[in-house]
Amino acid sequence: SEMVCGAFVGLLSTNRRVRLAEGRDGVAICVRSKRESVRMTATGVTRNSNMAKLQAGYLFPEIGRRRNAFQAENPDVEVISLGIGDTTQPIPDHIADGLTGGVRKLMTKEGYTGYGAEQGMQAIREKIASKLYDGMIKPEEVFVSDGAKCDIARLQLMFGPNISVAVQDPSYPVYVDTAVMLGQTGLYEESKSQFSNIVYMPCLPENDFFPDLDNTERTDVIFFCAPNNPTGAVATREQLERLVSYAKKNGSIIVYDAAYAPFVRNPDCPSSIFEIDGAREVAIEVNSFSKYAGFTGVRLGWTVVPNELKFSDGTPVRNDYNRVMTTCFNGASNVAQAGGLACLDDAGLKEIRTLIDYYMENASLLRETMQVLGFTVYGGTDAPYVWVHFEGRNSWDVFTEIMEKTGVVTIPGAGFGPGGTEFVRLSAFAPREQCKAAMERMKKAYGSS
């Protein structure tokens, strides 16, 4: 055996205690193949126990793994993905000109910029406040970022391990997984398919996909997504008024994920939590250009932290979030922010509306086809997701069945929480022709069901 880079390396025939770097003790575990011992390496660093609590892989890479395995076994099948919510249409001309203009500026002495403000360019903060919120928020409350998913993780870092959390069930996996990583939860309970010490708020057809707040345990933070991923449900003004009232009564903070706000068509359903009186005292809102303008690869989002929002000791939440951003983030790309400014021009907003219309037409196609096939269907009217009920069946089994019968990839609802066990999610972000082809395959496979 030998010491290499501070780690014990050796060929062992049995488990044994060994000396690690700087005189520390450790145990090298013997792992034998049929023919010989396996070469082992180990450091003296203890693994984060919270990471060990996470279940399997993150949902979407796992879907990709299963899709790839299916494709390898069926190379002649043209797989169509109605799975992950990734945009597919090209970035429109005016917005693309903003991006390329940002690049061209960097090619000149006069236009070159290096590090910018971690909170974002002042121009885009002002434009987000005026164009998207109609003055309901102040530019200083806007933190421009590389996307809503990253912001959720940074918010969790700010909150720390000693808080209690509630999530919709089903919900976007990032809320639960970041809570686990930060140490906000207990262990995973197999019998419930849930983590202990986290409050799951059932959002099912029986309660119109809105939690029963009168019977919901109080928590410090409430993650709430509307329009909802995965169910496609959108909260009404009256429902959001109840949510804000509940948070004020209990001294809780709402983290409102509005990433699908531009898809809302129902005039009774607000696009922002800040349309509700009192929300500025209890809510943070995260949002993103990903679904607005096809920026899933460009990476640009924002979080709004109102000045009125305070921790129990009176510290403004905005101050702590600003510290996280300035410590852990160097600011969104100059080029991406140039594209974001173009998004918020009148011409850019018109292009965004055209993109949203395209995807919503896809959603209507998916929704109507599945209804004709006799399935109970939700969503697809104010969100790009269609939530299909397969009563009495496990969604992973349904996912596999649909892929094997049709070559169409969906998302099993169980990946979003136990409330999604009998559902699969269809995404309207595929190109139109692929949506049509997928539905033709579904008709052939399930037309007589």
Checklist entry - What do you reckon, is CG of Asp277 surrounded by more than 12 foreign heavy atoms closer than 6.0 Å? => result no
Checklist outcome for this item: Contacts of Asn162 meeting side chain to side chain contact (heavy atoms under 4.5 Å, CB included) (sequence neighbours excluded), chain-then-number -> none
Item to check | Worked verdict on Val77 versus Phe70 for side-chain contact (heavy atoms from CB on, under 4.5 Å) | outcome: CA-CA 9 Å; Val77 175; Phe70 172 80; 4.1 Å; yes
Checklist entry - Any donor and acceptor pair, going by atom type alone, linking the side chain of Arg367 with main-chain N or O of Gly380 inside 3.5 Å? => result no
Item to check | Partner set under side chain to side chain contact (heavy atoms under 4.5 Å, CB included) for Pro270, not counting sequence neighbours | outcome: Arg237, Leu240, Glu275, Ile276
Checklist entry - Any chance NZ of Lys127 has more than 12 other-residue heavy atoms, nucleotides or ligands included, within less than 6.0 Å? => result yes
Item to check | Shortest non-hydrogen separation from Cys343 to Ile352 and the atoms involved | outcome: O-CD1, 3.8 Å
Item to check | Side-chain heavy-atom pair Met158, Val317 within 4.5 angstrom cut-off | outcome: yes
Item to check | Heavy-atom neighbours of Arg265 CZ exceed 12 at 6.0 Å | outcome: yes
Checklist entry - Taking 4.0 angstrom as the limit, do Lys436 and Glu440 come out as a salt bridge? => result no
Checklist entry - Should we count CG of Asp93 as having more than 12 external heavy atoms under 6.0 Å? => result no
Checklist entry - Within the distance-only criterion (no hydrogens, no angle test), does the side chain of Asn207 pair as donor or acceptor with the backbone N or O of Pro202 below 3.5 angstrom? => result yes
Checklist entry - Are the side chains of Tyr133 and Glu285 in touch, meaning some heavy atoms are under 4.5 Å apart? => result yes
Checklist outcome for this item: For Gln434 and Ile80 the tightest heavy-atom approach is O-CG2, 3.7 Å
Item to check | Within-4.5 Å side-chain heavy-atom neighbours: Val409 and Phe399 | outcome: yes
Item to check | Donor-acceptor pair between Asn197 and Thr185 side chains, under 3.5 angstrom | outcome: no
Item to check | Glu217 CD: over 12 foreign heavy atoms closer than 6.0 Å | outcome: no
Item to check | Distance-minimising heavy-atom pair for Ala293 and Pro92 | outcome: O-CD, 4.4 Å
Next on the checklist: Would you say the rings of Tyr175 and Tyr172 are close, in the sense that their centroids are separated by under 6.0 Å?
Outcome noted: yes
Checklist entry - Which atom pair, heavy atoms only, marks the closest approach of Asp212 to Thr216? => result O-OG1, 2.7 Å
Checklist entry - Ring centres of Tyr385 and Tyr260 under 6.0 Å apart? => result yes
Checklist entry - Are side-chain heavy atoms of Ile124 and Trp302 found at a separation under 4.5 Å? => result no
Item to check | Over 12 foreign heavy atoms within 6.0 Å of CG, Asp134 | outcome: no
Checklist entry - Taking the side chain from Gln119 and the backbone from Val142, do they hold a donor-acceptor pair closer than 3.5 Å? => result no
Checklist entry - Do the non-hydrogen side-chain atoms of Phe210 and Glu238 ever get within less than 4.5 Å of each other? => result no
Checklist entry - Any sub-3.5 Å donor-acceptor pair from Arg425's side-chain atoms to Thr410's backbone N or O? => result no
Item to check | Min side-chain heavy-atom separation Lys192-Tyr200 under 4.5 Å | outcome: no
Next on the checklist: If I compare all heavy atoms of Ala336 with all of Val298, which pair ends up nearest, and what's the gap?
Outcome noted: CB-CG1, 3.8 Å
Next on the checklist: Regarding Asp320 and Arg318, does a basic nitrogen lie under 4.0 Å from an acidic carboxylate oxygen?
Outcome noted: no
Item to check | Side-chain heavy atoms of Phe143 within contact of Arg154, under 4.5 Å | outcome: no
Item to check | Heavy-atom pair with the smallest gap, counting every atom of Pro211 and Cys203 | outcome: CD-SG, 3.6 Å
Checklist entry - If only atom types and distance count, is the side chain of Gln337 paired as donor or acceptor with the main-chain N or O of Met121 below 3.5 Å? => result yes
Item to check | All side chain to side chain donor-acceptor pair (under 3.5 Å) counterparts of Arg432, not counting sequence neighbours | outcome: Glu361, Asn362
Checklist entry - Is any side-chain heavy atom of Phe289 less than 4.5 Å from a side-chain heavy atom of Val144? => result no
Next on the checklist: Salt bridge or not between Asp345 and Lys131? Use side-chain N to carboxylate O under 4.0 Å.
Outcome noted: no
Next on the checklist: Quick one: does any side-chain atom of Thr327 pair with a main-chain N or O of Val324 as donor and acceptor, under 3.5 Å?
Outcome noted: no
